Each structure stands twice: as structure tokens, then as C-alpha cells.
Amino acid sequence: MLAAHDPSAETASTWVRRWWSDMLGLMLLAEDGFKIRRGSPTRYQAFELENANGPRPITLSEAETHRVVAATNLAKTDLLLGKIDSRHLQRLDDRGWINDMVLNSYIDLLRNRATAEGADVVFGNTFFYEQYIACHYDEQANRRWSARAGVEIAECQLLLVPINLLNMHWTCVACYMDSQHIVYFDSLRSDEKDVDEKTKNVLEWLGRERQRALSAASNMSQWTVATVRLDQSNTYDCGVYVSQILESTSRQLGTAHDPTRGILQDRMAFFRQLMKLELVQMQLADRTWQ
């Protein structure tokens with residue numbers, strides 16, 4: 001049975017998204033023969049991952065949990081880089097849909113880590129795809145972006161860009177420059193035409209950008225494109241999936257590890273709490289348990 005809620009307490013867009021989430025959830029249940037378990041795990045439930053030493057619980061400590069709860073319950077106040085406050089943190093509650101503010105603040109943490117570690121990774125924010133990739137190529141606009149960011153995308157090892165689909169679903173794309181490979185990560189079964197359009201736009205834009213930055217014709221015919229789909233079974237966890245894919249992909253650059261390892265539907269409740277903690281303390285957690 002769907003959880004009751006008060007539509008009058010929500011904005012129209014939030015109510016529509018919640019209704020659509022419930023409807024799609026039921027369709028997924030019907031498609032899979034009602035084998036998918038509805039509902040989220042207990043907020044601080046510990047999950048287990050297999051590692052070299054056997055199963056190890058993944059959960060926040062009691063002190064970390066109290067810190068997250070206290071920050072979420074604060075009155076409106078800036079918590080991170082003057083951008084995010086307790087209202088934004090509440091979007092990481094169960095069934096909450098992550099908005100641009102939360103995702104961009106998390107990307108700021110990823111960018112800070114990459115800079116500190118000297119990792120050759122460039123992050124686009126949640127507006128980058130629409131402003132620079134999906135529209136008509138603007139050489140001067142791209143040149144200004146590179147000057148502000150202090151990087152040339154064509155010369156980095158990895159470009160990571162989140163993509164918003166019609167304000168209903170988050171996906172992301174990873175462009176590996178050395179291996180000339182593009183990976184489109186999608187936690188749901190999006191329409192193949194949408195996937196083809198997004199990857200085609202990225203490939204064409206990247207070719208133009210490489211030509212601009214390197215002052216030479218760029219042959220993109222050797223580039224390969226792959227789509228990786230994950231196991232999301234609702235419509236409100238996509239932003240958490242994207243956040244963790246961006247984290248894992250940027251952290252494991254240059255390794256042979258699968259960047260989607262451990263990013264599973266039944267761990268989303270934990271990742272939501274972990275992201276709250278990381279945003280509150282303005283530092284990414286040490287993921288030794290992965």
C-alpha cells in the first residue's frame with residue numbers, strides 16, 4: 001500500500017514527482033512479478049559488503065548519526081560553502097529527490113579531493129550539459145569556461161558530467177581521454193533514444209572542444225561508447241546513484257576496479273546518511289570498506 005501523505009504540504013512539482021515515483025514503482029513491481037521489496041530499509045540499518053576479511057558492517061557511528069540528525073534539524077543556516085542549509089539536507093531523507101544544490105555541493109567536495117590529490121579529473125556541474133554540450137557549440141563560451149576553471153578539458157584524463165533528464169531523472173557521463181572511451185551511467189532503464197542522443201551530443205561536443213584546445217582536427221571515429229545500467233527500483237534514488245558513481249569513478253581513476261561496485265539499491269539509505277555527514281563536515285569519508 002502506498003504511504004499516505006498530505007499533498008497540501010508540498011509544492012505541485014514535488015507532489016507530481018512523488019505520485020509518478022509511486023506509479024513507476026508499482027509498474028516495476030508488476031514487471032518483475034512483485035519480487036522487488038517495497039519500502040526503504042531502516043534509516044541507520046547496517047549493510048554488509050564482502051571484503052578480504054569477510055563481511056563488514058557499513059553504517060554510521062552513533063556520534064556521526066547524532067551529528068547528522070542535529071544538522072538536519074537545525075533552523076535555516078548555511079552549512080557548506082554558503083550554499084546548502086538544513087532544508088537541502090532534508091532532501092537526503094528517505095524518498096527525497098536530490099536537487100541541483102545538493103548535487104553541486106557534493107561535486108564541490110569531489111573536486112576539492114581531486115585537487116588535493118593531484119587527480120587529473122574535471123567535473124561539470126548540473127548545468128554544464130545544458131549550457132555547453134546540448135546547445136549549439138559556442139567556442140568563446142567554452143574558452144571562457146576553461147579560463148575560469150583553469151583547465152583544458154581536452155587535456156585532462158577524465159571528464160565527469162551529471163545530466164538531468166526533464167527534471168525527472170539524474171544520469172551521468174564519464175569521458176576517458178587516454179583510452180578514448182565514453183561511459184553513460186543510468187540507474188534506470190531510460191529510453192534508448194534518450195541515451196543515444198545524450199552520448200551523441202557528448203561525442204560531438206568533445207570533438208569540437210578537442211579541436212579548439214589542441215588547435216588541430218580531432219578524429220573521434222576511434223572513440224567507443226558504452227552504457228552501464230544499475231539496479232534502481234524507484235524514481236527517487238537516481239541522484240544518490242549519480243553522486244556515488246561520480247565519487248567512485250573519480251576516486252578509482254587509473255585502477256581496474258568496477259566503479260559501480262557496491263552501489264546497490266539496498267544500500268541507498270546508507271549512502272543518503274553518509275552524504276549528509278560528508279556535506280555537514282565538508283569532507284568525504286574514507287571508503288576503505290569498499
Side-chain angles (χ1 to χ4, degrees), residues 17 21 40-41 43 47 49 58 60 64 68 71-72 79-81 83-85 87-114 119 121-129 158-165 167-175 183-188 190 228-253 257-287 289-290:
R17 184 178 294 119
S21 172
S40 299
R43 177 170 296 181
F47 298 106
L49 276 178
I58 303 176
L60 301 187
E64 290 171 334
V68 166
T72 307
L79 292 175
L80 175 65
L81 304 179
K83 297 178 180 179
I84 193 169
D85 58 38
R87 295 174 306 170
H88 299 119
L89 282 183
Q90 289 167 11
R91 286 184 172 271
L92 285 164
D93 288 344
D94 293 340
R95 294 172 61 92
W97 204 81
I98 294 180
N99 63 3
D100 297 280
M101 190 72 74
V102 174
L103 189 48
N104 283 331
S105 294
Y106 199 73
I107 289 173
D108 285 342
L109 295 183
L110 299 177
R111 186 181 293 112
N112 292 342
R113 180 181 66 184
V121 183
V122 174
F123 296 88
N125 64 19
T126 58
F127 307 106
F128 188 88
Y129 177 83
L158 175 63
L159 169 67
L160 293 169
V161 180
I163 300 176
N164 184 297
L165 302 182
N167 201 31
M168 295 294 289
H169 181 47
W170 289 108
T171 64
C172 64
V173 64
C175 303
V183 182
Y184 185 84
F185 294 96
D186 186 358
S187 55
L188 280 176
S190 298
V228 175
R229 302 184 187 279
L230 288 87
D231 68 337
Q232 183 181 347
S233 60
N234 56 49
T235 59
Y236 45 82
D237 279 331
C238 54
V240 184
Y241 274 94
V242 165
S243 300
Q244 296 312 303
I245 290 169
L246 295 175
E247 188 285 323
S248 178
T249 304
S250 60
R251 173 169 47 85
Q252 300 189 85
L253 177 63
H257 292 93
D258 175 8
T260 65
R261 178 180 180 269
I263 304 176
L264 303 171
Q265 179 64 71
D266 65 357
R267 297 187 177 121
M268 288 298 109
F270 163 72
F271 281 125
R272 284 175 178 273
Q273 299 309 307
L274 181 64
M275 288 178 65
K276 282 186 183 181
L277 178 66
E278 291 173 322
L279 289 169
V280 168
Q281 64 187 14
M282 293 183 288
Q283 183 177 357
L284 295 168
D286 182 6
R287 283 161 163 75
W289 37 264
Q290 281 191 322

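What you see is a predicted model; the values in this text were computed from it and never measured.
Residues L103 and G239 share a closest heavy-atom pair of CD1-O, 4.5 Å. The minimum heavy-atom distance linking V121 with L253 is given by the pair CG2-CD2, 3.7 Å. The two residues G96 and R272 have their closest heavy-atom pair at O-NH2, 2.8 Å. Contact record, P162 with C172: CA-CB, 3.9 Å, taken as the closest heavy-atom pair. The minimum heavy-atom distance between L89 and V280, with the atom names listed, is CD1-CG2, 3.7 Å. Minimum heavy-atom separation, S187 to H169: OG-CE1, 3.6 Å.
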Audit row: I163, V173, side-chain contact (heavy atoms from CB on, under 4.5 Å) steps and yes/no: CA-CA 8 Å; I163 300 176; V173 64; 4.2 Å; yes

I245 and V228: CA distance, side-chain angles, deciding distance, side-chain contact (heavy atoms from CB on, under 4.5 Å) verdict: CA-CA 11 Å; I245 290 169; V228 175; over 6 Å; no

Residue pair I98, V242: steps toward the side-chain contact (heavy atoms from CB on, under 4.5 Å) verdict: CA-CA 10 Å; I98 294 180; V242 165; over 6 Å; no

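Between R251 and L284 the shortest side-chain heavy-atom distance does not fall below 4.5 Å. Side-chain contact between V183 and T249: absent, with no pair of heavy atoms (C-beta onward) separated by less than 4.5 Å.
Checked by atom type and distance alone, the side chain of N99 pairs as donor or acceptor with a backbone atom of V102 at under 3.5 Å. Here the side chain of S248 pairs no donor or acceptor atom with the backbone of Q244 at under 3.5 angstrom. One N or O on the side chain of Y241 and one on the backbone of Q265 form a donor-acceptor pair closer than 3.5 Å. Of the possible donor and acceptor atoms, one in the side chain of R113 sits under 3.5 Å from a partner among the backbone N and O of E247. Distance alone, capped at 3.5 Å, is enough to place a donor-acceptor pair between the R91 side chain and the W97 backbone. Checking side-chain atoms of N125 against main-chain N and O of N104 turns up no donor-acceptor pair under 3.5 Å.
The CG atom of L158 lies 12.0 Å from the CD atom of Q252; values are rounded to the nearest 0.5 Å. Atoms CG and CG, on D237 and L188 in that order, are 9.5 Å from each other to the nearest 0.5 Å. Interatomic distance, D100 CG to S105 OG, rounded to the nearest 0.5 Å: 10.0 Å. Separating the CD1 atom in I107 from the CG atom in L160 is a distance of 8.5 Å, to the nearest 0.5 Å. A distance of 8.5 Å separates CD1 in I263 from CZ in F185, rounded to the nearest 0.5 Å. The OG1 atom of T260 sits 13.5 Å away from the CZ atom of R229 when rounded to the nearest 0.5 Å.
Using a 3.5 Å distance cut-off with no hydrogens or angles, the side chains of D186 and T171 do not pair a donor with an acceptor.
Of the candidates W170, F271, Y106, F270, V240 forms a side-chain contact (heavy atoms from CB on, under 4.5 Å) with just one, namely F271.
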